[in-house]
Amino acid sequence: MQYLYELINLLNKYSENHREDENRIRDLICYIADNPKYMQIEMYRSVIFEAAQKLRMFGYIKGSSKISQDEFIYDGLNDIKHSAVQNYYKSKVFNNNLLDRKQKDVIDTFMSLENKRILVSAPTSFGKTFLLREIIFMNRVRYRNILLLFPTIALLNENTDSINQLIRDLSMEYKVINNVYSGIEPEDKHIFILTPERALKLLADNSFLHIDFFFMDEIYKIDEDFDRNEDSSGEDANNREKHDGGNRAKAFRIVLYLLAKSVNEYYLAGPYLNLKNVKKGMRIFLGRNHITTIQIEFEPTSRIEIEAWKKRSIEYHPILGERITQLYQNSGLSTKEKVQGIANYLKQNNLGQAIFYCSTPSNSMKYTKDIIDGFHENDAKIPYEFIEHLKKKYNVKIGANINSTKYWGLIHALEHGVGIHHGKFPKYIQNEVLRLFNNGDFNYLFCTSTIIEGVNTNAKNVIIVNNSVGNITMTAFALKNIKGRAGRYYHHTVGRVFYTDAKQRQIEQADDMQLNFQTYDSAPVLKVDIDNALIEDLANQNRNIKLEREERFQKQILPDTVFNKNRLYPRDT
């Protein structure tokens with residue numbers, strides 16, 4: 001009862017300006033709500049209900065716990081009070097959905113602004129795209145053409161399905177387009193759902209098109225230095241231009257630059273950004289475009305952290321404190337033994353679904369094989385038809401003396417109840433593996449950084465197996481983003497993060513990186529950025545370079561109409 005009484009005491013003196021009290025209240029709510037024994041007792045349920053109402057955090061009672069005021073006997077005044085609170089926070093899109101207080105603050109801020117332009121930084125489970133639906137619906141009369149930008153095809157497909165469902169449910173008149181080949185009728189209303197590269201083509205091919213509102217997810221991707229290690233962040237612009245190869249940051253940056261120049265209303269979003277500490281280029285971009293920044297730091301899900309790199313692992317529980325946890329049998333621990341030990345620990349203690357983060361596709365395949373050697377997940381319900389389809393599609397056959405499915409790791413993993421997700425698989429396989437995982441058809445998913453990029457999963461646990469993203473040392477930002485996938489609000493109240501190397505703790509404690517918009521910075525920038533920018537937006541050195549380049553170009557040979565269709569290449573390429 002001590003935790004219940006502590007929660008009641010904190011609620012009695014609650015003020016939203018006290019961050020420590022708010023975090024402690026969250027941890028107590030999550031701890032109680034995660035315990036099935038407590039959630040069978042009316043007193044506990046009623047206090048959790050009151051806490052969710054007071055914090056205006058309705059995921060604690062509308063999510064997996066499902067607590068209604070009808071369960072309790074109130075007097076008429078209390079019934080009216082609780083109903084009034086929920087009515088005030090009711091979604092404009094669906095009456096049975098409630099907005100949390102901070103979500104409603106974002107919507108109210110956007111709608112009240114003269115310049116409706118916001119940049120929101122929030123944890124992964126904040127529901128940034130959930131708020132997008134509210135903005136679209138509330139402005140459906142004013143917005144004819146809407147452009148939604150997502151970094152990956154997986155997110156593009158996920159949001160295409162979501163927006164199509166929204167349009168059907170609310171009988172809106174928009175035509176959804178997620179490719180650059182569909183015809184555009186000027187009299188129709190459109191919602192374009194595209195990657196930045198596709199969006200540049202859309203704008204180049206349809207100069208008549210007027211966009212009324214745009215949304216950009218994962219805005220940090222405009223800055224190629226933001227998610228790199230220190231060794232590469234010091235490269236000069238010319239060097240980066242030579243070596244950027246498939247670097248996509250320029251596409252994000254150029255499309256954002258062009259859209260911010262031509263569209264009056266927009267919503268930019270990203271996770272775990274420190275908007276109070278950005279670099280000069282980003283400060284200038286925000287100021288010149290009159291963009292309002294909104295910093296959300298509150299994490300709605302409580303997290304247990306386990307330092308799992310030695311035999312006597314240390315678990316840090318936000319309520320129960322520190323304790324020793326025995327994860328492994330041996331003291332000399334290889335990565336393979338850690339992966340196997342943690343997987344068995346999760347299974348034995350029935351701790352729910354888990355993501356194992358790996359640095360590369362080859363590592364994800366390797367560590368999957370490590371755990372299925374002597375580990376069969378009997379609870380998995382992966383459809384036989386999907387596995388058979390993969391065998392036929394990729395010509396994987398069972399021979400007389402050897403099961404050749406072992407030569408294609410995904411099939412071997414799926415047959416043992418384990419999933420793999422990385423960017424080298426065809427998109428439809430990635431989507432299906434993710435769908436099966438979120439459907440609860442299997443519990444353990446080995447993945448790469450594809451999981452960082454806004455992909456939603458129902459994982460309760462995250463195991464950080466490697467310290468890098470590809471071949472680059474992980475940054476504090478990337479680690480926070482991976483860690484943020486442990487425990488999804490509305491699905492779980494508590495998540496677990498397993499650190500398999502002491503260096504991961506050091507990375508996490510490193511200084512925050514500063515987001516930049518290089519186009520506006522005084523440091524040297526890529527030639528392609530110079531060519532796409534207006535001269536008045538460039539700093540002196542870059543302005544002089546642009547003037548020199550403009551004098552050299554023979555525009556009759558490469559007219560603007562041609563350049564506009566090839567904006568990702570410098571004009572002198």
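Here the structure is a predicted model, which is why all the values come from computation and not from measurement.
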Using a 3.5 Å distance criterion without hydrogens, assess whether the side chain of Asn566 forms a donor-acceptor pair with backbone atoms of Val562. yes
Kindly compute the distance separating CZ (Phe252) from CG (Leu149), expressed to the nearest 0.5 Å. 8.5 Å
Just wondering, more than 12 heavy atoms not from Lys261 lying within 6.0 Å of its NZ? yes
Looking only at non-hydrogen atoms, find the nearest pair between Arg198 and Val180 and report the distance. O-CG1, 3.2 Å
Between Glu185 and Lys175, is there a salt bridge with N-O shorter than 4.0 Å? no
Would you check if the side chain of Glu265 reaches a backbone N or O of Lys116 as a donor-acceptor pair within less than 3.5 Å? no
Kindly give the heavy-atom pair with the smallest separation between Leu515 and Met282, and that separation in Å. O-CB, 3.5 Å
Side-chain donor or acceptor of Lys427 paired with backbone N/O of Ile153 under 3.5 Å: no
Sole residue of Tyr60, Phe130, Phe298, Phe58 in ring-ring contact (aromatic ring centres under 6.0 Å, His included) with Tyr489: Tyr60
Could you pull out all residues at least two apart from Ile535 that satisfy side chain to side chain contact (heavy atoms under 4.5 Å, CB included)? Arg543, Lys546, Leu547
What's the spacing between Asn159 CG and Thr152 OG1 if we round to 0.5 Å? 9.0 Å
Presence of salt bridge, Asp531 and Arg549, under 4.0 angstrom: yes
Between Asp223 and Lys279, is the closest basic N to carboxylate O distance under 4.0 Å? no
Measuring from Leu119:CG to Ile219:CD1, what's the distance to the nearest 0.5 Å? 5.0 Å
Residue pair Arg140 / Tyr174, side-chain heavy-atom distance below 4.5 Å: yes
Under a 3.5 Å cutoff, is there a donor and acceptor pairing between the side chains of Tyr89 and Gln53? no
Mark yes when over 12 heavy atoms from residues, nucleotides or ligands other than Lys503 sit less than 6.0 Å from its NZ; otherwise mark no. no
What are the two closest non-hydrogen atoms of Tyr257 and Leu534, and how far apart are they? OH-N, 2.8 Å
Check the angle between the aromatic planes of Phe517 and Tyr520 and answer parallel, tilted or perpendicular using the 30° and 60° thresholds. perpendicular
Got a salt bridge between Asp217 and Lys128, using NZ or NE/NH1/NH2 to carboxylate O under 4.0 Å? no
Side-chain ion pair, Arg505 and Glu305, N-O less than 4.0 Å: yes
Could you tell me whether the side chain of His210 and the main chain of Asn145 form a donor-acceptor pair under 3.5 Å? no
So, for Gly487 and Arg303, which heavy atoms are closest and what is the spacing to 0.1 Å? O-NH2, 3.9 Å
Taking atom types as modelled, find out whether Ser91 and Glu134 have a side-chain donor-acceptor pair closer than 3.5 angstrom. yes
Side-chain donor/acceptor of Ser364 to backbone N/O of Pro361, under 3.5 Å: yes
On a heavy-atom basis, the closest approach of Leu568 and Glu197 is CD1-CG, 4.2 Å
Of Val497, Ile464, Val465, the one forming a side chain to side chain contact (heavy atoms under 4.5 Å, CB included) with Gln504 is Ile464
Side chains of Val525 and Arg253 in contact at under 4.5 Å (non-hydrogen atoms): no
Euclidean distance, Gln506 CD relative to Leu479 CG, rounded to 0.5 Å: 11.5 Å
Would you confirm whether His190, through its side chain, and Phe192, through its main-chain N or O, come within 3.5 Å as a donor-acceptor pair? no
Measure from the side-chain N and O atoms of Arg485 to the backbone N and O of Ala459, and report whether any donor-acceptor pair falls under 3.5 Å. no
Nearest 0.5 Å please: distance from the NZ atom of Lys527 over to the CG atom of Asp572. 4.5 Å
Does some side-chain heavy atom of Met216 sit less than 4.5 Å from a side-chain heavy atom of Val255? yes
For Arg26 and Thr301: C-alpha separation, side-chain torsions, deciding distance, then whether side-chain contact (heavy atoms from CB on, under 4.5 Å) applies. CA-CA 8 Å; Arg26 174 210 53 211; Thr301 304; over 6 Å; no
Heavy-atom count around Lys201 NZ within 6.0 Å, excluding the residue itself: above 12? no
I'd like to know if the side chain of Tyr220 pairs up with that of Glu218 as donor and acceptor (distance under 3.5 Å, no hydrogens or angles considered). yes
Answer whether the closest heavy-atom distance between the side chains of Leu131 and Leu99 falls below 4.5 Å. yes
I'd like to know if the side chain of Asn532 and the backbone of Val528 have a donor-acceptor N/O pair within less than 3.5 Å. yes
Test side-chain contact (heavy atoms from CB on, under 4.5 Å) applied to Glu158 and Thr129, step by step: CA-CA 11 Å; Glu158 177 185 320; Thr129 52; over 6 Å; no
Heavy-atom donor-acceptor pair, Ser262 side chain to Leu258 backbone, under 3.5 Å: yes
Pair Asn157-Asn178, side-chain contact (heavy atoms from CB on, under 4.5 Å): steps then yes or no: CA-CA 8 Å; Asn157 292 334; Asn178 66 0; 4.3 Å; yes
Hey, does Leu259 have a side-chain heavy atom less than 4.5 Å from the side chain of Leu147? yes
Going by heavy atoms in the side chains, are Asn289 and Phe285 under 4.5 Å from each other? yes
May I ask you to decide if Lys480's main-chain N or O and Glu508's side chain share a donor-acceptor pair within less than 3.5 Å? no
To check you understand the geometry: which heavy-atom pair defines the closest contact between Asn466 and Met474, and what is its length? O-CE, 3.5 Å
Would the number of heavy atoms belonging to other residues, nucleotides or ligands and lying under 6.0 Å from CD of Glu114 be above 12? no
For Gln514 and Asn274, which I'm curious about, is there any donor-acceptor pair between the side chains at under 3.5 Å? no
On the ring face of Tyr88, is Lys104 found with NZ or CZ under 6.0 Å from the centre and within 45° of the axis? yes
Evaluate Phe477 against Leu273 for side-chain contact (heavy atoms from CB on, under 4.5 Å), listing each step before the verdict. CA-CA 8 Å; Phe477 169 77; Leu273 305 172; 3.9 Å; yes
Taking C-beta and beyond as the side chain, do Val85 and Arg56 meet within less than 4.5 Å on heavy atoms? yes
Under a 4.5 Å cut-off applied to non-hydrogen side-chain atoms, are Thr473 and Asn467 in contact? no
Taking atom CD as the centre, does Glu536 end up with more than 12 heavy-atom neighbours from other residues, nucleotides or ligands that are less than 6.0 angstrom away? yes
What distance separates Leu155 CG from Thr195 OG1, expressed to the nearest 0.5 Å? 11.5 Å
For Arg496, give me all partners under side-chain hydrogen bond (donor to acceptor under 3.5 Å, both in side chains), at least two apart in sequence or on another chain. none
